[in-house]
Amino acid sequence: MTDAPTIFERIIAREIPADIVFEDDRVIAFRDIAPKAPVHLLVVPKTAAYPDVASLADADPALLAHVVAVAKQLAGEHADGDYRLVFNSGVGAGQTVFHVHAHVLGGGLTEGSLG
Ligand code: AMP
């Protein structure tokens, strides 16, 4: 028995729409549906094997490095090049989708704020 696909698997499979800004063979990136910053993108590995960033780092550090590289590229294209990279890990930290993803926040963040 397999778990039901997450919302991100359904976006990757084009079963539900998303505002996709980047895609290659390893990752997809799209706008967060509930943005917390003027620019709020999600960079999502296509594999559903990893629920969070630590498991991805353990198993496939090259894929994690690619997620970071794509985040940097997109921050340059969609914001001024500066960005905050967030990986919520665990329910207590606000994680709601258990398919590893990077939040890329940019475009006029409040200086010093973690919010
Ligand atoms: P997290 O809380 O770290 O697991 O992040 C999940 C993120 O996915 C949240 O910021 C949601 O707003 C976002 N999200 C959920 N559903 C969608 C969707 N259909 N399209 C784009 N972003 C979504």
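Quick note: numbers below take in every heavy atom, side chains included, and nothing from hydrogens, waters or symmetry partners. We count ligands from 1, going down the list as the structure has it; atoms in each ligand are counted the same way.
- Looking only at protein heavy atoms, the nearest one to atom 4 (O) of ligand 1 is Thr96 N, 2.7 Å.
- The closest approach between a heavy atom of Ala18 and any atom of ligand 1 is not below 4.0 Å.
- Of all atoms in ligand 1, listed by their number and element, those nearer than 4.0 Å to a heavy atom of Asn88 are 1 (P), 2 (O), 3 (O).
- Side chain of Lys72 to backbone of Tyr83: no donor-acceptor contact under 3.5 angstrom is found.
- For His99 and His101, the gap between ring centers reaches or exceeds 6.0 Å.
- On a distance-only criterion, Val97 and ligand 1 share at least one N/O pair closer than 3.5 Å.
- One distance of note links CD of Glu77 with CZ of Phe22; it measures 8.0 Å at 0.5 Å rounding.
- Closest protein heavy atom to atom 11 (C) of ligand 1: Asp32 OD1, 3.4 Å.
- For the pair Pro17 and ligand 1, the shortest N or O to N or O distance does not fall below 3.5 Å.
- Looking at Leu74, Val21, Leu85 one by one, the single match for side-chain contact (heavy atoms from CB on, under 4.5 Å) with Val43 turns out to be Leu74.
- Neither the backbone nor the side chain of Val86 has a heavy atom within less than 4.0 Å of ligand 1.
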Exercise for the section: Step by step, work out the side chain to side chain contact (heavy atoms under 4.5 Å, CB included) result for Val100 and Phe8. Expected result: CA-CA 9 Å; Val100 61; Phe8 292 167; over 6 Å; no
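- At the shortest separation from atom 23 (C) of ligand 1 among protein heavy atoms lies Ile33 CG2, 3.5 Å.
- With respect to atom 5 (O) of ligand 1, the closest heavy atom belonging to the protein is His101 NE2, 2.9 Å.
- Contact annotation for His103 and ligand 1: only side-chain heavy atoms (C-beta onward) come within less than 4.0 Å of the ligand.
- Looking at Glu23, its side chain never comes within 3.5 Å of a backbone N or O of Asp25 through a donor-acceptor pair.
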